[in-house]
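See structure below.
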Amino acid sequence: MRTEVGKNPKSSWPKLVMKKWLNIKSGADEFHSDYTVKAMANRCERRKSCSDGDYCVIVPDQVSGWLTEGRNGFKRPRAQELQSAVTNESINLRMLVGTWNVGGKTPHEGLNIRDWFTTQAPADIYVLGFQEIVPLNAGNVLGAEDSGPSAKWLSLIRRALNLNRKEHELPQYYEDATNPDKPRVSFSDLLSLEDELEREDSQTFLNQNPNSNSNGSPNGMPHRYCLAASKQMVGIFLCVWVRADLQRHISNLRVSCVGRGIMGYLGNKGSISISMTLHQTTFCFVCTHLTSGEKQGDEVRRNSDVTEILRKTRFSPTCSCPGQPLPPDSILEHDKIIWLGDLNYRLASGCGDVYELLKRNNWQALLEKDQLKIEQRSGRVFKGWEEGRIYFAPTYKYLANSDHYVVHTSKSKEKRRTPAWCDRILWKGEGLKQMWYLRGESRFSDHRPVYAMFSVQVDVVNKSKPMRSCISKPTTVTCVAKVQAEELLLLPRAQSFRETSGSELTSHILSGKQPTNARITAQ
């Protein structure tokens with residue numbers, strides 16, 4: 001993986017500061033990956049033909065969408081515009097999502113982050129987001145980006161994921177977080193559910209990989225994990241890890257950053273989004289750090305952050321194989337979306353019995369005052385999004401290296417804060433089922449980490465089934481398309497097809513053969 005660690009020389013600061021103040025983006029769509037070459041390969045521009053200017057061909061409307069080359073480059077239809085020529089099957093994968101505001105502290109070598117990875121069956125995908133990996137001071141916000149802490153987090157995660165373990169322990173408690181009628185399950189139910197999912201996933205994997213053993217891993221070795229993509233914007237950091245054998249099925253890796261901090265666009269607050277396609281399913285992971293504060297009306301600013309992130313996040317166009325649908329260019333166009341981070345929603349004002357409810361661990365009564373749930377129920381933010389049921393204590397704000405909230409002691413020099421569930425994970429899209437939703441207990445930060453396990457349905461192309469035609473009926477030729485001279489039938493510009501049936505010409509174009517009965521006339 002190509003990674004540059006450290007800050008730029010101080011002599012470059014004036015230039016960097018000027019770019020940030022003028023909102024000039026620099027490398028906003030660049031990211032780190034173990035597969036940088038492959039990830040960026042799809043972004044190359046289509047090769048121009050030396051003879052494009054001298055040849056043209058008339059093709060039907062149905063295929064002109066992915067054969068034409070307009071002013072903005074080679075065009076292909078999106079997924080909803082072109083029926084797939086192959087049939088799809090689906091597999092179930094496990095995806096662990098975690099978020100943690102680390103309070104501007106750099107991790108030390110002995111920091112234990114294995115709580116995120118201690119499940120009976122390891123996940124196939126890990127999506128880990130951080131906030132405040134560097135202190136949010138003027139130097140970091142306005143100056144050069146400090147990539148040292150992100151490199152240390154990557155090193156710790158890589159080591160923890162690829163540590164050889166014979167057994168994986170389950171978290172202390174486990175819920176089907178989407179079922180309001182069953183808030184808790186017994187440990188025996190948990191094991192049965194986990195075993196059922198594991199058998200299903202293993203059988204699917206064995207069916208597709210005959211050379212794999214019963215553990216679902218080739219040659220009986222534990223899965224290895226590689227970095228699909230990572231991106232930092234000031235203190236926000238997002239990384240996606242996948243099983244090494246899934247790497248060849250990942251395409252269209254792209255990132256997009258939106259600043260919502262100082263002056264409404266600097267990166268001390270905002271979002272990092274990573275878009276990717278796994279097999280035939282598109283994913284978008286959005287890691288955010290929204291506006292802070294617990295004054296009345298601050299929730300409106302957080303709602304505005306969400307709206308602007310959805311509006312401004314745009315992924316740079318890619319170039320994939322002809323005939324394939326274009327990948328999404330905005331968040332909501334993806335099949336499956338995960339939104340994680342320090343959303344900073346607090347408890348609504350007027351909740352005077354907070355301390356008594358905290359002592360009684362009455363989380364459900366406190367959650368009635370949760371701003372995010374209030375705003376979501378009112379339709380002002382995250383309309384149509386889902387979040388698992390919360391059965392854990394508020395994640396913010398703790399005394400340093402302590403299990404006590406700041407509000408619990410009058411001797412604390414910390415600013416008094418009402419405990420709240422600032423750190424959240426939401427999702428949108430079909431084929432996503434949250435299996436559990438927990439918090440960790442690390443005292444490293446004034447926030448507690450939050451993580452969730454998902455069962456994810458992913459569409460996979462089944463090449464063994466017969467292909468269905470994309471053209472339903474013959475049509476007349478009505479569209480002139482400019483195409484590469486080497487790829488299709490070549491005709492001098494002074495000549496053209498006339499009155500050739502659309503279905504006949506389409507079949508010859510798709511098969512690469514020249515029509516034998518096309519009438520060619522000089523004009």
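Quick caveat, the model's predicted, so the values are computed rather than measured.
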side-chain hydrogen bond (donor to acceptor under 3.5 Å, both in side chains) partners for N303, two or more places apart =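 Scan of N303 (side-chain hydrogen bond (donor to acceptor under 3.5 Å, both in side chains), adjacent residues dropped) gives Y345, E375.
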
Which residues pass the side-chain hydrogen bond (donor to acceptor under 3.5 Å, both in side chains) test with S150, sequence neighbours left out?
->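 With neighbours one apart ignored, the set is Q232.
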
Does the ring centre of F237 sit less than 6.0 Å away from the ring centre of W153?
-> no

Would the Y391 and Y437 ring centres measure less than 6.0 Å apart?
->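 So the answer is no for these two rings.
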
By ring-ring contact (aromatic ring centres under 6.0 Å, His included) - contacts of F315 (at least two apart) = H334

Think R417 forms a cation-pi with Y396, using NZ or CZ under 6.0 Å from the six-ring centre and within 45 degrees of its axis?
->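 No cation-pi geometry.
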
Using every non-hydrogen atom in the two residues, find where [X] and [Y] come nearest and quote the distance to one decimal.
X    : Y    : value
L432 : V456 : CD2-CG2, 3.7 Å
D446 : G103 : OD1-CA, 4.4 Å
C257 : M233 : CB-SD, 3.7 Å
S273 : I331 : OG-CD1, 4.0 Å

Is the number of heavy atoms from other residues, nucleotides or ligands within 6.0 Å of NZ (K373) greater than 12?
->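 Enclosed.
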
[X] and [Y]: side chain donor to acceptor below 3.5 Å:
X    : Y    : result
T99  : Q131 : yes
T291 : D305 : yes
S275 : R254 : yes

[Y] and [X], any side-chain heavy atoms less than 4.5 Å apart:
X    : Y    : answer
C422 : K397 : no
H289 : V234 : no
W339 : R424 : no
N344 : K269 : yes
L96  : L128 : yes
H223 : D245 : yes

Are R302 and Q371 close enough, and set up right, to give a side chain to side chain contact (heavy atoms under 4.5 Å, CB included), and what steps lead you there?
-> CA-CA 10 Å; R302 291 185 269 274; Q371 288 180 343; 2.9 Å; yes

Measure up the F382 and W385 rings against each other and bin them: parallel (under 30°), tilted (30 to 60°), perpendicular (over 60°).
->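 Perpendicular.
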
